[in-house]
S.K.: 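This is the structure I have questions about; it appears just below.
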Amino acid sequence: MRKFRFRLPEFDAPGLWVLSLGIWFHIVSRLVRSSPAMAITLAQIIGLSMALWGGYRIVNRWIALAREAEKQQAEGEHHDR
């Protein structure tokens, strides 16, 4: 019997953004008619989470660049001796 391994495909960032925005617009469009206050709250929560996620990625990239620069500087000092 063959074992099949389920693996999710590698997602790219633009694809995930399009998917998340599509889901967001679908949910909010359904809520606007029945409960406008809930739609506004949901939009604020989703907007905040997207901003936090994007900010985390930016800060994480800055940290990686700083570590890389420190590593190159340390290697340069090591070779000078």
Side-chain angles (χ1 to χ4, degrees):
M1 186 178 234
R2 290 177 89 174
K3 288 184 181 180
F4 288 101
R5 193 171 177 199
F6 179 75
R7 254 174 103 184
L8 289 174
E10 297 287 329
F11 293 113
D12 60 330
L16 286 176
W17 279 102
V18 169
L19 176 66
S20 63
L21 286 176
I23 292 170
W24 179 76
F25 280 123
H26 176 72
I27 293 170
V28 171
S29 68
R30 294 289 187 142
L31 287 175
V32 167
R33 287 187 182 165
S34 63
S35 178
M38 187 182 284
I40 291 170
T41 302
L42 179 64
Q44 290 174 344
I45 290 170
I46 292 173
L48 178 65
S49 64
M50 290 172 77
L52 289 173
W53 182 71
Y56 169 76
R57 289 185 53 106
I58 291 170
V59 169
N60 201 16
R61 181 67 182 145
W62 285 345
I63 290 171
L65 290 173
R67 285 182 180 162
E68 186 177 314
E70 287 175 355
K71 185 178 178 182
Q72 288 177 354
Q73 185 180 12
E75 287 177 358
E77 291 175 1
H78 180 69
H79 291 296
D80 290 341
R81 292 182 185 179

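Atom set for the values below is all heavy atoms of this structure, side chains included, hydrogens, waters and symmetry mates excluded.
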S.K.: Mind checking whether Q44 and I40 have side chains closer than 4.5 Å, heavy atoms only?
M.R.: yes

S.K.: Nearest 0.5 angstrom please: L65 CG to N60 CG, how far?
M.R.: 10.0 Å

S.K.: Rounded to the nearest 0.5 Å, what separates atom CD1 in I46 from atom CZ in F25?
M.R.: 10.0 Å

